[in-house]
Amino acid sequence: MPSDKQQNGQGGHGSLVVREYQAKDRQSVIQIYSMGILELVVDTAFRSLKYHTESLLIYFLFTAVSFMVTKSWWMLGLVPALVLCARYYCSRLVIHDFLQYMLSTDLRDIEEYYMNSPDRCFWVAEKEGKVVGVVAASGDRTTGSLELLRMSVDTNCRKCGLGKALCRKVMEYAATEKYTSIKLGTVGYTGAALRLYESVGFRWLENINGFQFPGTIHHNLFFRIFFRVYQSRYRLDLQNQV
């Protein structure tokens, strides 16, 4: 007979099923999560630029000073190109270090960390027998808050309600386990993830500028100039949900 936790982990509609993680899912889970994290390289290197005016000002000064010193018009194209290369280099190192850190901590043994704990759980979204999305949750009984973690969806299965299904599974779990709120933090600049969370009831709390990814060691001046991101924090109060 399945446990209460297993019974609460089932759900789905049509050919999509959101269920609890099983050992056989590990390879698919790691692949989907890794691909989702690696998308942040482009996000943090390029898409984030328009959100960080302080960085744009520094790069403009770099370009202007280089032009005034060399009196060469080609510096107006070379310096911005070098800046973009430096940003990509920094983003790639930081994001890869972060991914390795995740794979060596809670994702190293998903069953032990999530499934054998009364305050944690890990789910996969399965479509036509294939794992296409993942999400996890970790609770704190002292505060009554549950944190939504490790959300990632296969790139071929986006914009079809899969993300909402994963969010709602976490919401169902939180309600069943008597948590009063759900929190999350996300780094991304495409807007799709933010719209997803807002569509299921999360409200924006704050942006943490200068957010540092756990497990990364690149904090020198070079990285502070060419790698700067913010984390958006969201919260959902379950007592306000009908």
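Side-chain atoms are counted along with the backbone in the values below, which use heavy atoms only and exclude waters and symmetry mates. Here the structure is a predicted model, which is why all the values come from computation and not from measurement.
Relative orientation of the Phe211 and Phe213 rings is perpendicular, given thresholds of 30° and 60° on the angle between their planes. Between Tyr197 and Tyr234, the angle of the ring planes lies from 30° to 60°, which puts this pair in the tilted group. Ring geometry for Tyr230 against Tyr51 counts as perpendicular: the plane angle is over 60°, on a 0 to 90° scale with 30° as the lower cut.
Judged by distance alone, with hydrogens and angles left aside, the side-chain atoms of Ser91 form no donor-acceptor pair with the main-chain N or O of Tyr88 at under 3.5 Å. Distance alone, capped at 3.5 Å, places no donor-acceptor pair between the Arg235 side chain and the Ile182 backbone. A donor-acceptor pair under 3.5 Å is absent between the side-chain atoms of Ser117 and the main chain of Tyr114, judged by distance alone. Side chain of Ser72 to backbone of Trp74: no donor-acceptor contact under 3.5 angstrom is found. A donor-acceptor pair is defined here as one N or O able to donate and one able to accept, closer than 3.5 Å; no such pair exists between the side chain of Ser34 and the backbone of Gln31. Put simply, the side chain of Ser145 never gets that close to the backbone of Asp140: no donor and acceptor are under 3.5 Å apart.
Proximity of Met35 to Ser152: side-chain heavy atoms (C-beta onward) are nowhere separated by under 4.5 Å. Ile30 has its side chain within reach of Leu103: a pair of non-hydrogen atoms, C-beta onward, lies under 4.5 Å apart. The shortest side-chain heavy-atom distance between Leu49 and Leu56 falls under the 4.5 Å cut-off. Residues Val153 and Ile32 form no side-chain contact, since every pair of their non-hydrogen atoms from C-beta on lies 4.5 Å or further apart. Here the side chains of Glu177 and Leu146 are not in contact, with every heavy-atom distance at 4.5 Å or above. Using a 4.5 Å heavy-atom cutoff, the side chains of Ile37 and Met102 are not in contact. When side chains are defined from C-beta on, Tyr33 does not count as touching Leu38, because their heavy atoms never get closer than 4.5 Å. Looking at Met151 and Leu166, their side chains come closer than 4.5 Å, going by heavy atoms from C-beta outward.
Annotation for Leu238 and Ser181: closest pair CD1-N, 4.1 Å, computed over non-hydrogen atoms. In this structure, Gly201 and Leu236 approach most closely via the heavy-atom pair C-CD1, 3.7 Å. The two residues Phe222 and Cys90 come nearest to each other via the heavy atoms CE2-SG, 3.3 Å. Between Val170 and Ala136 the shortest heavy-atom distance is CG2-O, 4.4 Å.
Follow the hydrophobic side-chain contacts under 4.5 Å out from Leu221 and you reach Ile58 in the same cluster. Cluster membership check: Leu82 shares its hydrophobic cluster with Tyr59, using side-chain heavy-atom separations under 4.5 Å among Ile, Leu, Val, Met, Phe, Trp and Tyr. Criterion: ILVMFWY side-chain heavy atoms under 4.5 Å apart, direct or through other members. Under it, Trp204 and Leu184 are part of a common hydrophobic cluster.
Between Phe122 and Tyr21, the gap from one ring centroid to the other is short of 6.0 Å.
Counting heavy-atom neighbours within 6.0 Å of Arg26 CZ, excluding the residue itself, gives a total above 12. With a 6.0 Å radius and a threshold of 12 heavy atoms from other residues, nucleotides or ligands, Phe60 has its CZ atom at or below the threshold. More than 12 heavy atoms of other residues, nucleotides or ligands lie within 6.0 Å of NZ in Lys24, so this atom counts as buried by the packing criterion. The number of heavy atoms from other shown groups lying within 6.0 Å of CD (Glu54) is above 12.
Checked for salt-bridge contact, Lys169 and Glu172 meet the test: a charged N lies under 4.0 Å from a carboxylate O. No salt bridge links Arg120 with Glu20; every basic N to acidic carboxylate O contact stays at or beyond 4.0 Å. Between Glu198 and Arg203 there is no salt bridge, since no side-chain nitrogen of the basic residue lies less than 4.0 Å from a carboxylate oxygen of the acidic one. Salt bridge absent: Asp97 and Arg92 never bring a charged side-chain N and a carboxylate O closer than 4.0 Å.
Geometrically, Arg87 does not engage Phe46 in a cation-pi contact, judged by NZ or CZ lying under 6.0 Å from the ring centre and within 45° of the ring axis.
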Ring pair (Phe, Tyr, Trp, His ring centres under 6.0 Å) assessment of Phe227 paired with Tyr89: CA-CA 9 Å; Phe227 184 84; Tyr89 170 79; over 10 Å; no
Trp123 and Tyr173: CA distance, side-chain angles, deciding distance, ring pair (Phe, Tyr, Trp, His ring centres under 6.0 Å) verdict: CA-CA 11 Å; Trp123 300 270; Tyr173 175 79; 5.2 Å; yes
Test salt bridge (charged side-chain N to carboxylate O under 4.0 Å, His left out) applied to Asp154 and Lys127, step by step: CA-CA 11 Å; Asp154 189 301; Lys127 189 173 184 180; over 6 Å; no
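Counting only N and O atoms by type, the side chains of Arg108 and Tyr113 include no donor and acceptor under 3.5 Å apart. When only modelled atom types and interatomic distance are considered, Ser232 and Asn207 share a side-chain donor-acceptor pair under 3.5 Å.
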